[in-house]
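Below: one structure, written as structure tokens.
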Amino acid sequence: SIEGSSDEGGFTVLIAGCLALDRAGPIASAHPAVARSLVLNRGDHAELTIRFDDGKHPAFQVVAEGTTLYVTIQDV
């Protein structure tokens, strides 16, 4: 299962029962509105955190399909 929370500066997604195999750093490198992106494996779940640059609040969507997590962030 996944659950998430967001605030003015970004969002965090918890993925229960799964651990991440890939890094999240490339998200920040690829998107100009993302200041920081990281994924942490916490034993029994993974935690994805995305923080936006100050003053930027793009729309976003996070969808899980099987073992893949899709993160879509609007261009700003």
Side-chain angles (χ1 to χ4, degrees):
S1 69
I2 67 170
E3 57 183 80
S5 62
S6 65
D7 59 33
E8 193 171 297
F11 61 92
T12 299
V13 178
L14 302 177
I15 305 101
C18 294
L19 298 178
L21 299 177
D22 295 320
R23 300 173 321 155
I27 297 171
S29 299
H31 201 288
V34 177
R36 188 175 76 226
S37 57
L38 65 127
V39 64
L40 299 172
N41 287 322
R42 302 271 189 192
D44 64 345
H45 69 279
E47 182 177 301
L48 170 69
T49 301
I50 304 289
R51 302 306 296 169
F52 299 124
D53 285 329
D54 287 339
K56 295 189 178 177
H57 310 287
F60 63 89
Q61 180 180 31
V62 179
V63 177
E65 268 184 35
T67 60
T68 303
L69 190 70
Y70 294 97
V71 178
T72 305
I73 302 172
Q74 177 186 25
D75 287 335
V76 288

May I ask whether Ile27 and Ile2 are part of the same hydrophobic cluster, defined by side-chain heavy atoms of I, L, V, M, F, W, Y residues being less than 4.5 angstrom apart, directly or through others? yes
Exercise: identify the closest heavy-atom pair between Pro32 and Ala30: CD-O, 3.9 Å
pair Glu47-Val13: side-chain heavy atoms closer than 4.5 Å: no
Determine which pairs satisfy side-chain hydrogen bond (donor to acceptor under 3.5 Å, both in side chains) with at least one residue from residues 61-76, sequence neighbours left out, and list them in order. none
Side-chain contact test, heavy atoms from C-beta onward, threshold under 4.5 Å: evaluate it for Leu48 versus Val71 and give yes or no. yes
Test side-chain contact (heavy atoms from CB on, under 4.5 Å) applied to Ala35 - qualifying residues, sequence neighbours left out: Asp53
The complete set of ring-ring contact (aromatic ring centres under 6.0 Å, His included) pairs with one or both residues in residues 5-62, sequence neighbours excluded, reads Phe11-Phe60
If you round to the nearest 0.5 Å, how far is CG of Leu14 from OG of Ser1? 9.0 Å
Do Val62 and Ile50 belong to the same hydrophobic cluster, where Ile, Leu, Val, Met, Phe, Trp and Tyr are linked whenever their side-chain heavy atoms lie under 4.5 Å apart, directly or via other members? yes
Within 6.0 angstrom of Asp22 CG, more than 12 heavy atoms from elsewhere: no
Holding to side-chain contact (heavy atoms from CB on, under 4.5 Å), I want the full list of residues that pass it with Leu19, two or more places apart in sequence or in another chain. Asn41
Counterpart residues, side-chain contact (heavy atoms from CB on, under 4.5 Å), relative to Ala28 (two or more places apart): Val34, Ser37
By salt bridge (charged side-chain N to carboxylate O under 4.0 Å, His left out) - contacts of Asp7 (at least two apart): Arg51
